[in-house]
Amino acid sequence: MRIFVCIKQVPDTETKIKLKADGSGIDEAGIKWVMNPYDEFAVEEAIRLKEARGGTPIVTAVTVGPKSRCSDALRTALAMGADDGIVVDAPYETDTFTVGRLLAAAIKAEGTADLVLTGKVAIDDNASSVGQFTAEFLGIPHTSVVSKLEVKEGHVIAEREVEGGTREVVRLNGPCLIAANKGLNTPRYASLPGIMKAKKKPIKELSAQTLGVEVSGKVKHTNFQLPLEKPPVKMIGGDPSAQAKELANLLMNEAKVL
Amino acid sequence: MAKILVFCETQNDQLKKGSVELLCAATKSQGEITALFLGPQGKAAAPLAGQFGATSSLVCDDEKLSSYNPELFCAAASQAIRDSGAEIVLASTSMLARDLFPRVAAKLDCGLASDCTQLEISGNAVKARRPLYSGKCSAEVEFINSPVKFVLMRPNQLPVSDPQSGKSAEVKLFSLPPADTKTTVENVVQGAVGKIDLTEADVIVSGGRGMKGPEHFKMLEDLAATIGGTVGASRAVADAGWVPHSMQVGQTGKTVAPSLYIAAGISGAIQHLAGMSGSKVIVAINKDPEAPIFQRSTYGVVGDLFEVVPKLTEEFKNILK
Ligand SMILES: Cc1cc2nc3c(=O)[nH]c(=O)nc-3n(C[C@H](O)[C@H](O)[C@H](O)COP(=O)(O)OP(=O)(O)OC[C@H]3O[C@@H](n4cnc5c(N)ncnc54)[C@H](O)[C@@H]3O)c2cc1C
């Protein structure tokens, strides 16, 4: 059994975002990079599946991005317990369509995948589309926002949360892609022996060129802007009754949102 | 004149607000508008798209689409896009559309801009802007050699015009193209029926750790019911099991942008702000005057929520009755 986990390296949630002077993108200086939090659920799930099967499945972590820094995210996955890694060297700005193409090509180049796991969304671009692109390019079904997964012989049963707290239980036959939500598991921290072992695990370097994928892309982010400054907060004083009265009045007559 | 296909979602035989917003935006651009409805559940609302500018509604009412199957929905949507000759496809950033359209875009060899908050269409040109890094900045999306431009818009961002009563879209049924599916929906466990999902709610009342326990959320529900809102929560509260995870707002919960967001007993951690700072008006009720939430709020009330919230509910009950 071969499991692929697609991961992305993203700025830490606490990182302050600064823009390049020409608005063509973000200034990467000083950013702390981490594995996308949702991808941690995907890595954890893959390792649990491996452990539950006596260690026989091979877990490969794959990432697309600048190889100089993205290899760190792969090392984290390897330290958690993945067997090997693949980095497809590409600019950080690569659009989700192309990332899907590159991931699918990298997986195909390895042979066949029994299961592909990824996070439901990357918290930097909030696109939640790479998984679906990858699945379509691999010609396999997918399901996303998965908070419970059972891998059976030849099929999986996935539970996903949809609108209004409704849950769907979906069966996928044959190889498939699962995009993980919070709640699927509790990701482990890499242990010290894990980190030591990870240093010796192989990371393969690929590029769009070696994979024969066209990278001109379909969409491009331009004209970056910081959010407009909000006017200062209006504090409402008085006792609770007076505060409630004044707040209701402001919401109805000043803000006019009710 | 651009050919625009608007993917419409419905609830109780009515168009969802997000879908109406998109129809209105498409109408404003003077495009040629076709509405798309997938599944038998959409059929009843299909003529209504005409009230907001659609000339026709394509409907695939196959029973197989009564619950969401990505492969079958993808086959049907791709077919409709090809048949209508659409150059621009608009949908709301709903759970379903978010899951579906990347797959459709991949199939049609096109690009997609997800979760946009601004949209302008003139002729064939699309100008969309989307927040990045949890709203710490935003960027414009430029489409490059994408024969069809897919744009998913966050609900509550675009103005709606009044329905033109009497107008109705011509309903054209189409059949589900033969598609080999490896997916089956085994079971659907209904959540709270009839509740508006947080991502679509126009008014949200959220509670945090300051609520002290699950038993007090009734107080927020009362306020929400009075002003037509939906209840949300911080992660601290969802993790403690006081409310289901589906109610969590923030980086690892839902991204919301209602007209009014009331945060009661929420400190305003950066990961919470990430999910709600796009709200038009933010009210913070917190006993700690130094709570970071105040810096992002429109109106701030320093006080004990257990005193302020019931008084506020009472106040609105008096005004709105
Ligand atoms: C990777 C990551 C992702 C995260 N994702 C999310 C997310 O999606 N959503 C999210 O919300 N958080 C998220 N968090 C957690 C976040 O950092 C905070 O821990 C969390 O938001 C705190 O919740 P809170 O405001 O309810 O609780 P607290 O920070 O404990 O705040 C409680 C507030 O209630 C006030 N209070 C107490 N009693 C009263 C009273 N009687 N009347 C009025 N006010 C009162 C206090 O003054 C305080 O300000 C994430 C964290 C990480 C690291």
Side-chain angles (χ1 to χ4, degrees), chain A residues 11 13-14 17 19 26 37 95 97 100 123-129 132-133 136-137 141-142 144 161-174 182-183 216-227 230 233-236 240-241 243-245 247-248 250-252 255 257-258, chain B residues 70-71 95 98-99 102-103 106-107 110-115 132-144 146 182-192 195 197 227 244-246 251-252 259-260 270-271 280-281 283 294 296-301 303 307-308 311-312 315-316 319:
Chain A
T13 55
E14 305 275 352
I17 295 294
L19 302 184
I26 63 162
D95 71 343
F97 177 97
I123 61 166
D124 55 352
D125 64 11
N126 193 33
S128 58
S129 53
Q132 298 91 308
F133 276 123
E136 178 66 26
F137 294 140
H142 80 273
S144 65
E161 192 194 282
V162 291
E163 263 127 8
T166 297
R167 282 168 300 129
E168 291 174 355
V169 181
V170 183
R171 180 191 163 119
L172 298 137
N173 290 324
K182 193 190 155 195
S216 60
K218 299 288 179 192
V219 298
K220 205 171 133 188
H221 286 139
T222 61
N223 195 6
F224 281 64
Q225 285 173 2
L226 294 173
K230 274 210 163 199
V233 55
K234 195 178 240 183
M235 298 304 289
I236 301 167
S241 302
Q243 287 175 318
K245 224 184 191 77
L247 178 57
L250 288 168
L251 291 175
M252 313 256 324
V257 283
L258 287 171
Chain B
E71 291 170 289
M95 295 276 291
R98 232 175 197 245
D99 186 87
R103 187 140 200 156
K107 198 180 177 78
C110 294
L112 163 123
S114 183
D115 200 30
L132 297 169
Y133 307 97
S134 324
K136 290 179 199 165
C137 70
S138 67
E140 218 170 273
V141 182
E142 195 183 302
F143 285 87
I144 338 161
S146 184
K182 301 179 196 84
T183 312
T184 44
V185 180
E186 304 261 288
N187 193 10
V188 179
V189 187
Q190 276 295 333
K195 251 199 192 169
D197 194 66
I227 55 178
H245 176 59
S246 57
Q251 182 116 63
T252 43
S259 300
L260 174 60
I270 189 155
Q271 297 90 357
K280 258 181 226 121
V281 170
V283 173
F294 286 120
R296 291 296 192 93
S297 301
T298 326
Y299 302 117
V301 176
E307 293 187 58
V308 177
K311 291 236 153 63
L312 191 60
E315 191 62 33
F316 278 123
I319 304 174

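- Heavy-atom minimum distance, A:I17 versus B:C137: CG2-SG, 4.1 Å.
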Step-by-step side-chain contact (heavy atoms from CB on, under 4.5 Å) determination, A:K220 to B:F143: CA-CA 6 Å; A:K220 205 171 133 188; B:F143 285 87; over 6 Å; no

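- Here the straight-line distance linking atom OG of A:S144 with atom CE of B:M95 works out to 6.5 Å at 0.5 Å rounding.
- Taking B:S138, B:G111, B:S146 one by one and counting their heavy-atom pairs under 4.5 Å with chain A, the maximum is reached by B:S138.
- Looking only at atom types and distance, the side chain of A:H221 has no donor-acceptor partner in the side chain of A:D125 under 3.5 Å away.
- Each of B:V141, B:T184, B:I270, B:L260 has some count of heavy-atom pairs under 4.5 Å with chain A, and the biggest count is that of B:T184.
- The closest side-chain donor-acceptor pair between B:S134 and B:Q251 falls under 3.5 angstrom.
- Of the two parts of A:F97, only the side chain, counted from C-beta on, holds a non-hydrogen atom closer than 4.5 Å to a non-hydrogen atom of chain B.
- Closest approach of A:V219 and A:D95 over heavy atoms only: N-OD2, 3.0 Å.
- Remark: the A:E161 side chain and the B:S246 side chain contain no N/O donor-acceptor pair separated by less than 3.5 Å.
- Looking at A:I123, the atoms closer than 4.5 Å to chain B (heavy atoms on both sides) sit in the backbone and in the side chain alike.
- Counting heavy atoms of neighbouring residues, nucleotides and ligands inside a 6.0 Å radius, atom NZ of A:K245 does not exceed 12 of them.
- If you measure heavy-atom distances from A:F137 to chain B, the contacts under 4.5 Å come from the side chain alone.
- Counting heavy-atom pairs closer than 4.5 Å to chain B, the top-ranked of the candidates A:V170, A:L226, A:N223 is A:N223.
- Ranked by heavy-atom pairs under 4.5 Å with chain B, the list A:G174, A:P11, A:S128 is led by A:S128.
- The part of B:I319 that comes within reach of chain A is its side chain, from C-beta onward, which places non-hydrogen atoms under 4.5 angstrom from that chain.
- For the set B:E71, B:R98, B:Q271, the entry with the most heavy-atom pairs within less than 4.5 Å of chain A is B:R98.
- Residue with the most contacts toward chain B among A:I26, A:L172, A:D124: A:D124 (heavy-atom pairs, distance under 4.5 Å).
- The candidate from B:C110, B:G135, B:G303 with the greatest count of non-hydrogen atom pairs under 4.5 Å with chain A is B:C110.
- For chain A, the nearby part of B:D115 is the side chain; its heavy atoms alone come within less than 4.5 Å.
- Contacts between B:F316 and chain A at a heavy-atom distance below 4.5 Å involve the side chain alone, from C-beta outward.
- Shown here is B:K280, whose NZ atom has more than 12 heavy atoms of other residues, nucleotides or ligands within 6.0 Å.
- Most heavy-atom pairs under 4.5 Å with chain B: of the set A:E168, A:K182, A:Q243, A:K230, this distinction falls to A:K182.
- Expressed to the nearest 0.5 Å, how far CD of B:E142 lies from CD1 of B:I144 amounts to 6.0 Å.
- Contact annotation for B:E315: only side-chain heavy atoms (C-beta onward) come within less than 4.5 Å of a heavy atom of chain A.
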